[in-house]
There are 2 protein chains.
Amino acid sequence: MKFGPETIIEGDCLEALAGLPDKSVDLVFADPPYNLQLGGDLLRPDNSKVDAVDDHWDQFASFEAYDSFTRAWLKECRRVLKDDGTIWVIGSYHNIFRVGVAVQDLGFWILNDVIWRKSNPMPNFKGTRFTNAHETLIWAAKSRGGKRYTFNYDAMKMANDELQMRSDWTLPLCTGEERIKTAEGLKAHPTQKPEALLHRVILAASKPGDVVLDPFFGVGTTGAAAKRLGRHFIGIEREADYAALARQRIAAVIPAAPGELDVMGSKRAEPRIPFGQIVEAGLLRPGDKLYCPKGERVARVRADGSLVLGELSGSIHKVGAMAQAAPACNGWTYWHFRTDRGLAPIDELRAKVRAGLG
Amino acid sequence: MKFGPETIIEGDCLEALAGLPDKSVDLVFADPPYNLQLGGDLLRPDNSKVDAVDDHWDQFASFEAYDSFTRAWLKECRRVLKDDGTIWVIGSYHNIFRVGVAVQDLGFWILNDVIWRKSNPMPNFKGTRFTNAHETLIWAAKSRGGKRYTFNYDAMKMANDELQMRSDWTLPLCTGEERIKTAEGLKAHPTQKPEALLHRVILAASKPGDVVLDPFFGVGTTGAAAKRLGRHFIGIEREADYAALARQRIAAVIPAAPGELDVMGSKRAEPRIPFGQIVEAGLLRPGDKLYCPKGERVARVRADGSLVLGELSGSIHKVGAMAQAAPACNGWTYWHFRTDRGLAPIDELRAKVRAGLG
DNA sequence: TATTCAACTGAATCGAAGT
DNA sequence: GACTTCGATTCAGTTGAAT
């Protein structure tokens with residue numbers, strides 16, 4: 001079976017998953033039923049009625065029934081996930097603990113639990129609990145110590161004002177224009193997620209061209225965000241009404257131009273430059289002095305790109321490590337050369353070579 | 001067996017719990033082992049070593065072993081909890097899902113999951129995940145639809161600047177002076193919780209004089225916060241060193257004076273004032289007009305404290321509900337009387353009576 | 001005295017490619 | 001699979017000394 005870049009499968013989640021080949025998707029995002037178990041009607045202080053999630057698809061006979069359904073779809077997701085793929089599942093305290101245990105028991109390796117802090121949650125009208133102001137996402141790799149998963153660390157850091165992205169994300173609910181409406185103008189889906197949430201998930205854990213699978217597609221937020229970000233997607237949805245609205249919605253999405261999809265790349269991915277190449281390029285000469293950050297240790301450059309410091313000699317990394325009696329050292333940031341404006345890390349010289357200025 | 005207001009039991013958690021009588025504690029706070037499953041040493045970018053949690057008490061052979069331990073102590077906690085008591089358990093993604101499922105399976109009814117957002121978490125040094133910047137607390141009642149549990153809603157609201165307290169709490173780690181040290185000046189416990197966290201938990205979910213049980217007492221943060229807030233406590237701790245430090249620490253705690261323990265009371269707990277009493281007190285007279293919030297509906301007061309609006313008559317609540325065609329109505333906030341400064345809710349008159357000004 | 005800076009640290013499932 | 005090599009990677013808060 002072959003799937004195009006935009007695939008919506010209308011049908012039962014388990015049956016549709018069974019039709020997907022092993023190790024064929026890069027990222028799974030799942031927003032399963034929460035099994036809410038609500039009581040009677042809830043009225044606001046002004047007597048208006050809260051539009052509760054009472055849909056048939058959220059009804060389960062027992063915790064056992066919910067667990068067995070959860071394990072079934074998670075197991076299939078794990079099968080279709082590539083070895084370097086990851087899965088995200090969102091939930092609330094009603095179901096997320098059961099989901100988390102299933103994730104662990106099936107052999108996934110949890111990477112983070114991420115908190116979606118709602119900036120505008122519904123208050124607790126009765127004053128009986130804390131305002132339920134967040135939902136929880138579980139992010140997991142296919143297995144412990146498996147292949148390296150995709151995590152666009154630097155893109156996330158950039159998106160968070162140059163600070164590491166934390167495990168708590170503050171985002172508003174999906175409201176207003178973004179909320180998909182029926183022909184009658186009513187909200188089409190009771191639990192539509194904000195596209196900003198999916199944007200961050202997809203940006204963090206996939207690359208352009210990757211395949212994103214959403215087994216509970218609803219009105220297609222995952223598809224819309226994936227298309228916008230230049231990813232392919234497969235969405236599975238049982239309710240024909242939701243699927244139709246999703247198709248219509250996604251058709252209107254304009255994907256970002258390829259150039260706009262570039263994100264901050266990891267330094268690990270940049271081409272490797274041996275230190276010797278800095279000497280070959282004439283940016284440093286044999287005999288030149290290199291200094292540690294504070295300047296009290298001095299090493300000399302040799303023609304082959306090795307350093308000498310007293311009795312010690314070896315690569316910039318090894319000599320740096322030995323000089324500090326440390327187990328390891330990044331020589332590029334440890335060693336400095338003398339400039340007009342004081343000491344500067346030799347990493348600046350590497351940047352010149354990479355830029356073709358060497 | 002009789003326990004004083006400050007009890008520390010040195011010994012195995014399960015054995016000690018077995019010695020406590022049924023339905024004898026009002027609140028349980030539990031900070032169990034997290035079962036971290038860390039890998040090798042972790043070095044910071046400056047090559048210093050992270051002081052990891054590698055204590056023997058955090059080691060479990062398998063998820064099954066952890067689950068069985070978790071269910072055992074949770075079951076005992078449920079037995080010793082009063083019917084109107086609640087339990088709090090704190091954990092991270094390593095264990096909290098397993099704890100949550102055990103809580104649900106044992107018949108507890110989850111009220112909230114609360115996120116402790118750390119303002120100063122340890123970064124992710126390797127750039128491989130999101131900064132793990134939070135922990136999760138589960139708050140649960142003994143059973144669904146059981147006796148009304150203690151929740152000091154108004155005290156929480158007051159503590160949160162007149163806004164409902166949300167399910168995410170931003171608090172710093174336990175550091176500096178607060179961190180308990182050994183005689184050698186080292187940190188005594190690897191995972192000491194901030195007292196501010198316990199302060200909020202105890203203030204939210206117990207009353208002065210209540211008994212708070214902590215089955216994993218450690219260096220006694222729960223005891224210190226409980227004593228400060230005028231609650232009794234029972235702490236269970238296996239490690240003699242921790243217990244000794246806890247005793248010493250708690251001995252130095254000065255409890256708040258009884259008057260300082262008064263918190264914002266619930267309106268529900270205030271003495272009930274029948275509307276007729278407002279008329280009796282002369283704050284309104286028979287025949288006076290009452291208005292709905294926007295003023296377009298007018299009712300008249302009768303001598304017995306009933307209202308008349310056209311064909312309708314009855315209590316302030318019933319007439320208010322019928323006037324709006326609503327199932328219910330709080331007449332105290334719905335009906336307004338005319339004052340120099342415009343319309344004001346009749347709840348202001350009730351406040352006057354309560355204050356003895358009627 | 002006010003301000004600056006270096007050093008230290010906290011429940012962490014913490015690398016990847018080549019030989 | 002074990003081992004080696006290269007080299008990438010940190011934020012908020014506190015403490016205490018130096019300026």
Side-chain angles (χ1 to χ4, degrees), chain A residues 84 104 108-113 139-141 143-145 147-149 151 153-154 157 160-167 265-270 272-275 293-294 314-318 320-321 326-335 345-347 350, chain B residues 31-55 57-60 63 90-96 116-136 170-179 186-187 189-194 216 218:
Chain A
D84 59 352
Q104 289 181 314
F108 289 103
W109 188 242
I110 298 181
L111 299 169
N112 277 112
D113 57 338
W139 181 38
S143 62
R144 180 176 194 174
K147 281 182 71 176
R148 178 73 192 150
Y149 51 89
F151 177 49
Y153 173 80
D154 293 280
K157 187 170 177 178
N160 192 41
D161 231 6
E162 304 271 20
L163 292 179
Q164 281 193 342
M165 186 69 81
R166 300 168 35 118
S167 58
S266 167
K267 293 209 175 118
R268 285 194 188 94
E270 291 189 66
R272 197 175 152 267
I273 309 284
F275 179 66
K294 289 184 195 160
S315 73
I316 53 172
H317 312 297
K318 192 169 244 175
C329 168
N330 179 348
W332 292 106
T333 55
Y334 182 73
W335 293 111
I346 58 176
D347 207 21
R350 180 170 62 163
Chain B
D31 182 9
Y34 286 11
N35 188 25
L36 286 186
Q37 306 182 57
L38 301 178
D41 283 350
L42 175 63
L43 297 178
R44 302 169 200 266
D46 67 0
N47 278 311
S48 67
K49 186 163 163 256
V50 172
D51 186 15
V53 178
D54 55 1
D55 305 73
W57 48 253
D58 198 46
Q59 310 298 327
F60 290 82
F63 280 140
I90 186 167
S92 65
Y93 66 84
H94 310 85
N95 72 321
I96 199 65
W116 169 28
R117 295 182 67 217
K118 303 177 183 182
S119 56
N120 50 349
M122 184 155 65
N124 178 293
F125 296 115
K126 303 299 187 196
T128 54
R129 306 177 176 199
F130 300 98
T131 307
N132 191 7
H134 72 275
E135 297 192 18
T136 301
T170 305
L171 296 168
L173 295 168
C174 176
T175 58
E177 280 302 294
E178 191 190 334
R179 194 89 197 204
L186 303 171
K187 83 178 163 191
H189 193 285
T191 70
Q192 186 184 339
K193 297 293 176 289
F216 306 96

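- Residues meeting the side chain to side chain donor-acceptor pair (under 3.5 Å) test with B:T170, sequence neighbours left out: B:R117.
- Following rounding to the nearest Å, B:L173 (CG) and C:dT9 (P) show an atom-to-atom distance of 14 Å.
- Among the heavy atoms of the strands, none lies under 4.0 Å from A:R166.
- The CD atom of A:Q164 sits 12 Å away from the C1' atom of C:dA12 (whole-angstrom rounding).
- Here the P atom of nucleotide C:dC14 and the CG atom of B:L43 are 13 Å apart, to the nearest Å.
- Using a 4.5 Å heavy-atom threshold, the side chains of B:T128 and A:Y149 count as touching.
- Nearest-nucleotide positions on DNA chain C place B:C174 closer to the 5' end than the other of B:C174 and A:L111.
- Within 4.0 Å of B:P121, counting heavy atoms only, lies at least one base atom of the nucleic acid.
- In this structure A:K318 satisfies the salt bridge (charged side-chain N to carboxylate O under 4.0 Å, His left out) test with no other residue, sequence neighbours excluded.
- The NZ atom of B:K49 sits 16 Å away from the C1' atom of C:dC8 (whole-angstrom rounding).
- Rounded to whole Å, the distance from CG on B:D46 to P on C:dC8 is 9 Å.
- B:E135 comes within 4.0 angstrom of a base, heavy atoms only.
- Spacing between atom CH2 of A:W139 and atom C1' of C:dC14 amounts to 11 Å, rounded to whole angstrom units.
- Comparing the P positions of D:dG7 and C:dC14 gives a spacing of 23 Å, expressed to the nearest Å.
- With C:dA11, C:dA12, C:dT9 as the candidates, the nucleotide lying closest to the side chain of B:V50 is C:dA12.
- Scored by the side chain to side chain donor-acceptor pair (under 3.5 Å) test, A:Y153 finds A:Q164 as partners (sequence neighbours excluded).
- Projected onto DNA chain D by closest heavy-atom contact, A:P274 and B:T175 fall at different nucleotides, the more 5' of which corresponds to A:P274.
- Straight-line distance from the CG atom of B:L42 to the P atom of C:dA12: 9 Å, rounded to whole Å.
- Listed by chain and residue number, B:Y66 satisfy the side chain to side chain donor-acceptor pair (under 3.5 Å) test with B:N95 (two or more places apart in sequence, or in another chain).
- Between atom CG of residue B:L173 and atom CG of residue B:N120 there is a gap of 4.0 Å, rounded to the nearest 0.5 Å.
- The base of C:dA11 is not paired with the side chain of B:K118 by any donor and acceptor separated by under 3.5 Å.
- On the C1' atoms, C:dA11 is 23 Å away from D:dT15, given to the nearest whole Å.
- The span of DNA chain D lying next to chain A, judged by atoms under 4.0 Å from heavy atoms, is bounded 5' to 3' by D:dC6 to D:dA12.
- The nearest heavy atom of DNA chain C to B:A52 and to B:S48 marks one nucleotide each, and the one closer to the 5' end goes with B:S48.
- With sequence neighbours excluded, no residue forms a salt bridge (charged side-chain N to carboxylate O under 4.0 Å, His left out) with B:E178.
- Listed by chain and number, the residues in a salt bridge (charged side-chain N to carboxylate O under 4.0 Å, His left out) with B:D51 are B:K187 (sequence neighbours excluded).
- Contact annotation for A:A328: base contact, defined as any heavy-atom pair under 4.0 Å involving a base atom.
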Please tabulate, one pair per line, each protein N/O and nucleotide N/O from nucleotides 17-19 of chain C that are separated by under 3.5 Å, including the distance.
none

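- Put simply, CD on B:Q59 is 14 Å from C1' on C:dA12, counting in whole angstrom units.
- For C:dT9, neither phosphate oxygen OP1 nor OP2 lies less than 4.0 angstrom from any side-chain nitrogen or oxygen of B:K187.
- Distance check: B:F60 CZ to B:Q37 CD gives 11.0 Å after rounding to the nearest 0.5 Å.
- Judged as a salt bridge (charged side-chain N to carboxylate O under 4.0 Å, His left out), and not counting sequence neighbours, the contacts of A:D347 are A:R350.
- With sequence neighbours excluded, no residue forms a ring-ring contact (aromatic ring centres under 6.0 Å, His included) with A:W335.
- Ring orientation note: the planes of B:W57 and B:H189 are close to parallel, at an angle under 30° on the 30°/60° scale.
- Where pairing requires Watson-Crick or G-U contacts shorter than 3.5 Å, the helical stems of DNA chain D with at least three consecutive pairs are C:2-10 with D:11-19, C:15-19 with D:2-6.
- Comparing B:N120 and A:I316 by the nucleotide of DNA chain D that holds the closest heavy atom to each, the one mapping nearer the 5' end is A:I316.
- Under the ring-ring contact (aromatic ring centres under 6.0 Å, His included) criterion, B:Y34 pairs with no residue at all, not counting sequence neighbours.
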